[in-house]
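Since the structure comes first, as structure tokens, the remarks are kept for the end.
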Amino acid sequence: MHYILTLILLTSFLYAKNSDFSIVINEPFSNALVDITEDYDRDISAVGFIKKYKNNQAKSDTTYTNAFDYLASLSNGSNGSQTHLVKVNNEADITLRKSTNLPYFNEAVSIAKTPQNGYFIGGHTLDGSLLVLKLDSNAQTIFHKTFGTANQDKMSKMIPLRDGGVLAIASSVASRSPNDNLFESGLDLGDIYLTRLSKDGEILWSKKYGTLKDDIGVDAAEADDGSFMVIGQISEKKSKSITILRITQNGDKIWIKEYKNEKNLTPHKIIKLRDNNFVISLSQNDDTNKEQIRLIKIDVQKNILQDKMIQTTYASALKDIKEFSDTKIAGVGYVRDGHNTDGLAMLLDNKFSMLNQEHYGSDEYDSLNALTILHNSQIAAAGIYTNKDSQETNMWIVKLNKDLSMAKIPTKSIESKR
């Protein structure tokens, strides 16, 4: 009987430790994770935002004429929308959670590692300023910098640079001031707005770019020569196209190309490949007005090397892509079937032929927003997960094998439990 009981306990322990590596963090209100990276200690860190509010029933004699001023008056650091970092280990244990606790509402869009195993986090405040934070390995703030124009600014992405600094890719409502020296081109509804910062947070330059239409900065990638390939979206009435822009390391425009199509185009991501060319992940509506994935390979001379639609049964988009060492490409995003949206993971070869795809999530609204390829060729992804019958999204981290199957939480040895 003793041996039977031991066998049952051992079997139960092994079964429990072989569960899926899927972490859903439930908190009040709608929260999300938007970017993810692998730490030097092989843990995983993801960043997003969490919303906390206090019940402020105290009467005030102050009269507010601006909604953002009123919202700021309710915030005392831990209240409102705040950038939030989550760190998990290989056993799917949450080892660190930290909010920024800044005195104004803010949301993160990107995370990047520093050589000291700390983090750069990029985002924006909800009153229209851009934000970059530098944190140590324990998520303690080394510095935070808010910057931008006098207009409404919003960051889309922040990328790490080889010199240890970062490039912030944002959008800004256009200015009509003739004294605004930020403009390279574009004087209409909105413009691509780029800012380069040093590793110490010093702003090296800020410039605007775009067309005479409404432009939005989306993403960028650094080339081997130090120049940048930038993608943006152009909106004009009911049509959407994309901008591909190349600039020098100092922000001077080399060329700009508008890529038009009879169907609406939405850019999501650009990455540099090992062959020093670039891949852009787009969404494009097909003839039935269903969103489909499109990948474009381009070189620094704006030559289109490859252009392929990835036809899928359901409406799909890849919000982030990364290249494996064997040149295969992993992507994550979302797939929509009627009223249900799931997280999408996809594996493609270097010719953009789909090798595999998997859908993950509940029967509600789920999406994978970003991925990182881990040292062992597994994939860590971050996004949002919605519980059954809920209207609020939760922070979500998953780990996948290279074949896109869900990774399992590793079994701890019996010796380690004694």
Side-chain angles (χ1 to χ4, degrees), residues 35 37 109-116 118-124 130-134 143 145-149 153-172 180-186 191-211 215-233 242-259 267 269-281 296-305 321-323:
D35 202 6
T37 189
V109 298
S110 290
I111 187 171
K113 294 300 298 179
T114 66
Q116 296 76 29
Y119 312 92
F120 270 115
I121 294 176
H124 45 256
L130 304 180
L131 173 68
V132 169
L133 300 98
K134 189 174 185 179
F143 66 75
K145 182 177 288 291
T146 56
F147 57 98
T149 70
D153 302 329
K154 186 174 183 180
M155 193 180 298
S156 298
K157 188 64 67 173
M158 180 202 69
I159 63 168
L161 306 179
R162 289 175 296 177
D163 65 0
V166 293
L167 180 72
I169 301 94
S171 306
S172 179
D180 189 345
N181 61 2
L182 293 174
F183 284 100
E184 288 291 303
S185 61
D191 296 289
I192 298 170
Y193 179 34
L194 304 181
T195 302
R196 182 168 185 168
L197 297 94
S198 72
K199 63 181 180 181
D200 299 316
E202 177 189 0
I203 293 179
L204 303 179
W205 52 261
S206 288
K207 295 185 179 181
K208 287 187 176 185
Y209 315 80
T211 66
D215 296 277
I216 299 173
V218 175
D219 196 15
E222 187 177 18
D224 279 352
D225 63 359
S227 65
F228 300 104
M229 296 283 282
V230 183
I231 58 170
Q233 184 163 53
I242 68 167
T243 298
I244 306 173
L245 172 72
R246 186 183 176 203
I247 61 173
T248 69
Q249 59 186 346
N250 297 316
D252 300 321
K253 184 179 66 176
I254 301 173
W255 52 258
I256 185 169
K257 177 182 178 64
E258 184 176 351
Y259 202 89
K269 184 70 179 178
I270 183 171
I271 62 169
K272 186 175 80 70
L273 301 174
R274 284 172 169 78
D275 64 6
N276 298 322
N277 294 307
F278 299 83
V279 173
I280 303 169
S281 176
I296 296 176
K297 185 174 181 179
I298 188 171
D299 65 15
V300 293
Q301 304 301 329
K302 63 182 174 184
N303 297 309
I304 303 298
L305 307 178
I321 54 174
K322 294 289 190 300
E323 184 187 25

Go through Met155 and Val132 one step at a time and tell me if the side chain to side chain contact (heavy atoms under 4.5 Å, CB included) criterion holds. CA-CA 10 Å; Met155 193 180 298; Val132 169; 4.3 Å; yes
Check for me whether Lys113 meets the cation-pi criterion with Tyr119, that is, NZ or CZ under 6.0 Å from the six-membered ring centre and within 45 degrees of the ring axis. yes
Determine yes or no for a side-chain-to-main-chain donor-acceptor pair under 3.5 angstrom, with [X] supplying the side chain and [Y] the backbone.
{"X": "Ser198", "Y": "Gly165", "answer": "no"}
{"X": "Asp219", "Y": "Ile270", "answer": "yes"}
{"X": "Lys134", "Y": "Lys199", "answer": "yes"}
{"X": "Asp35", "Y": "Ile111", "answer": "yes"}
{"X": "Arg196", "Y": "Gly251", "answer": "no"}
{"X": "Ser110", "Y": "Lys157", "answer": "no"}
{"X": "Asp153", "Y": "Thr149", "answer": "yes"}
{"X": "Trp205", "Y": "Leu194", "answer": "no"}
{"X": "Gln233", "Y": "Val218", "answer": "no"}

For the NZ atom on Lys302, are there more than 12 heavy atoms of other groups (residues, nucleotides or ligands in this structure) within a distance under 6.0 Å? yes
For Lys269, is the NZ atom crowded, meaning more than 12 foreign heavy atoms sit under 6.0 Å from it? yes
Contacts of type salt bridge (Lys or Arg N to Asp or Glu O under 4.0 Å), residue [X], not counting sequence neighbours:
{"X": "Asp275", "result": "Lys297"}
{"X": "Asp200", "result": "none"}
{"X": "Lys322", "result": "Asp320"}

Roughly how far, to the nearest 0.5 Å, is the [atom2] atom of [Y] from the [atom1] atom of [X]?
{"X": "Ile271", "Y": "Ile321", "atom1": "CD1", "atom2": "CD1", "result": "4.0 Å"}
{"X": "Thr243", "Y": "Ile192", "atom1": "OG1", "atom2": "CD1", "result": "5.0 Å"}
{"X": "Ile159", "Y": "Phe120", "atom1": "CD1", "atom2": "CZ", "result": "13.0 Å"}
{"X": "Ile242", "Y": "Ile280", "atom1": "CD1", "atom2": "CD1", "result": "5.0 Å"}

Which heavy-atom pair separates [X] from [Y] by the least distance, and what is that distance?
{"X": "Ala223", "Y": "Val300", "value": "CB-CG1, 4.3 Å"}
{"X": "Gly232", "Y": "Pro267", "value": "O-CG, 3.6 Å"}
{"X": "Trp255", "Y": "Asp299", "value": "CZ2-O, 4.2 Å"}
{"X": "Ala168", "Y": "Phe147", "value": "CB-CZ, 4.4 Å"}
{"X": "Ile256", "Y": "Gly210", "value": "CD1-O, 4.0 Å"}
{"X": "Ala112", "Y": "Met158", "value": "CB-CE, 4.1 Å"}

Salt bridge or not between Lys272 and Asp224? Use side-chain N to carboxylate O under 4.0 Å. yes
Does a side-chain N-to-carboxylate-O contact under 4.0 Å join Asp225 and Arg246? yes
How about Ser172 and Asp191: does a side-chain donor come under 3.5 Å of a side-chain acceptor? no
